[in-house]
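Note that ligands are numbered from 1 as they come in the structure, with each ligand's atoms numbered from 1 the same way.
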Amino acid sequence: MSKGKILLAVTGFDPAVWRKALEMAAPDRTVVEEPDGAEDGSIDYAVVWKQQKGILDRLPNLKAVFSIGAGVDHIFAGGDAPRVPVVRVVAEDLTGRMSEYVAWQVLDHHRKGPLYRSQQARKIWHEDRFQPAAEDVTVGILGLGQLGTDAARKLSALGFRLAGWSRSPKTVDGVDTYAGDAGLGAFLAACDIVVCLLPLTTDTRGILAAPLFDRMKREGPLGAPVLINAGRGGLQNETDILAALDDGRLGAVSLDVFETEPLPADNPLWAHPKVMITPHAAATSVPEALVPPMIAQMDAHDRGEPLRDLVDPEAGY
Ligand code: NDP
Ligand code: OXD
């Protein structure tokens, strides 16, 4: 029996490379980029990133939606909740990339990257002899999930003290864990560097704002707390970030994600000396790594096996 079709609906990624990877991994399935007509019963899986509004409603026999990223806020945006299970990316390749980004940014702030780059630009040879040891610096991860736990493990191997915050209580070796609203204050008071790897949900939207910055640790080996956000731009209030940088509540920030992407040319974050910007590049989705396991899941599901890495539609992640 021939297998059902796959709808590929990706905005902001090159569909041609995803199509090629899908066709290579699933030569027995047809990949289409548009449903055939107002209702298309021949499609049974959708592979999406920021799919066009309403497109999934035109697929009466859809069995599951696969996000090409770990985050799924792009699928639920605009109240467009699919009525079938949503599978997100949980993959060593993506996780490893994110941990590289986190380690890079943490080490850059810890080892005074911004200072030495500015000295180099002015040809200044000056060693700042106050260099704390990693064991004197606490890195806190907001969001102790797939990505946060791996980043914590790798930073711990570098010698940093680790803290983590999640919705439900967790035990992670070598990490001081905090949970829920009740645990947030104590978590923030313990951290010199805060890394945000939260999903964007109704509960987390706008969390990186003045009320949180007001609760961050004031005294610490880095002088002022550092914020690194690679979760989602909707988690942060950029006006509040700029104000906190200017009055010293934040010492520096690294941002990979923004309220508006691409970051508009007139956004003051671009030119701020205490801001490091990357263009939503912390952990890119690589089709060659992510598509084969997606197809394996589709095949297994067709044989009656349960789907893995499912999103909880109530929680939104
Ligand atoms: P997971 O679902 O594995 O982990 C999410 C973590 O956040 C969990 O620990 C969860 O708590 C916690 N969390 C969720 N809501 C709350 C809340 N209200 N209060 C406290 N903690 C909360 O996700 P991943 O680690 O795989 O990915 C995290 C995010 O990273 C993605 O959603 C995406 O937005 C972003 N991302 C960004 C990329 C980039 O290139 N910039 C690339 C990939 C992902 P609990 O454990 O209790 O459920
Ligand atoms: C993701 C992303 O969620 O790339 O995977 O942002």
Q. Under 3.5 Å, N or O to N or O, is W49 touching ligand 2 that way?
A.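 For ligand 2, there is no N or O atom that lies under 3.5 Å from one belonging to W49.
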
Q. Ligand 2 and A70, any nitrogen or oxygen pair closer than 3.5 angstrom?
A.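 Yes.
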
Please state which protein non-hydrogen atom is closest to [atom] and give its distance, to 0.1 Å?
atom	value
atom 19 (N) of ligand 1	W165 CH2, 3.3 Å
atom 14 (C) of ligand 1	Y317 CZ, 3.4 Å
atom 4 (O) of ligand 1	G145 CA, 3.2 Å
atom 1 (P) of ligand 1	R88 NH2, 3.4 Å
atom 38 (C) of ligand 1	M98 CE, 3.4 Å
atom 28 (C) of ligand 1	L197 O, 3.3 Å
atom 11 (O) of ligand 1	R167 N, 3.1 Å
atom 42 (C) of ligand 1	A283 O, 3.5 Å

Q) Are a donor atom and an acceptor atom from the side chains of Y116 and D108 found within less than 3.5 Å of each other? A)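 Per modelled atom types, Y116 and D108 side chains form no pair under 3.5 Å.
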
Q) Does any donor atom in the side chain of R205 or T201 lie under 3.5 Å from an acceptor atom in the other side chain? A)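 Judged by distance alone, the side chains do not pair up.
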
Per-atom contacts of ligand 2 with [X], taking only distances under 4.0 Å to non-hydrogen atoms:
X	answer
H280	2 (C), 4 (O), 6 (O)
R232	1 (C), 2 (C), 3 (O), 6 (O)
A283	4 (O)
G71	1 (C), 3 (O), 5 (O)

Measuring from [atom], which candidate in [options] has the nearest non-hydrogen atom?
atom	options	value
atom 25 (O) of ligand 1	N229, V257, L147	L147
atom 47 (O) of ligand 1	G234, C196, S168, P199	S168
atom 22 (C) of ligand 1	L198, V311, T284	L198
atom 45 (P) of ligand 1	R232, K170, R205	K170

Q. Side chain of D192, backbone of T138: donor and acceptor closer than 3.5 Å?
A.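 A pair under 3.5 Å: yes.
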
**Q.** Check: D240 side chain, A210 main-chain N or O, donor-acceptor pair, under 3.5 Å
**A.**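 Flag set: sc D240 to bb A210 pair under 3.5 Å.
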
Hey, which atoms in ligand 1 end up nearer than 4.0 Å to a heavy atom of [X]?
X	result
L144	6 (C), 9 (O)
D203	18 (N)
H280	39 (C), 40 (O), 41 (N)
T204	15 (N), 16 (C), 17 (C), 18 (N)

(Q) Check this for me, if you would: do D44 and K5 make a salt bridge, where the nitrogen-to-carboxylate-oxygen distance has to be below 4.0 angstrom? (A)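 Not counted as a salt bridge, because no side-chain N and carboxylate O are separated by less than 4.0 Å.
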
Q. Would you call R88 and D312 a salt bridge, using N to O less than 4.0 angstrom?
A.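 No, R88 and D312 are not salt-bridged.
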
(Q) Could you check, using the six-membered ring where one of them is a Trp, whether F258 and H280 have ring centers closer than 6.0 angstrom? (A)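 Centroid distance F258-H280: not below 6.0 Å, so no.
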
Q) Does the ring center of F13 lie less than 6.0 Å from the ring center of W49? A)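 F13 vs W49: aromatic centres under 6.0 Å.
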
Q) Hey, does Q146 come in under 3.5 Å of ligand 1, counting only N/O atoms on both sides? A)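 Between Q146 and ligand 1, an N or O pair is found under 3.5 Å apart.
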
(Q) To the closest 0.5 Å, what do you measure between CG (D150) and CG (L155)? (A)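 So the CG of D150 and the CG of L155 are separated by 9.5 Å.
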
Q: Measure the distances from the heavy atoms of G69 to every atom of ligand 1 and state whether one is below 4.0 angstrom.
A: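 It does not, in that no heavy atom of G69 comes within the 4.0 Å cut-off of ligand 1.
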
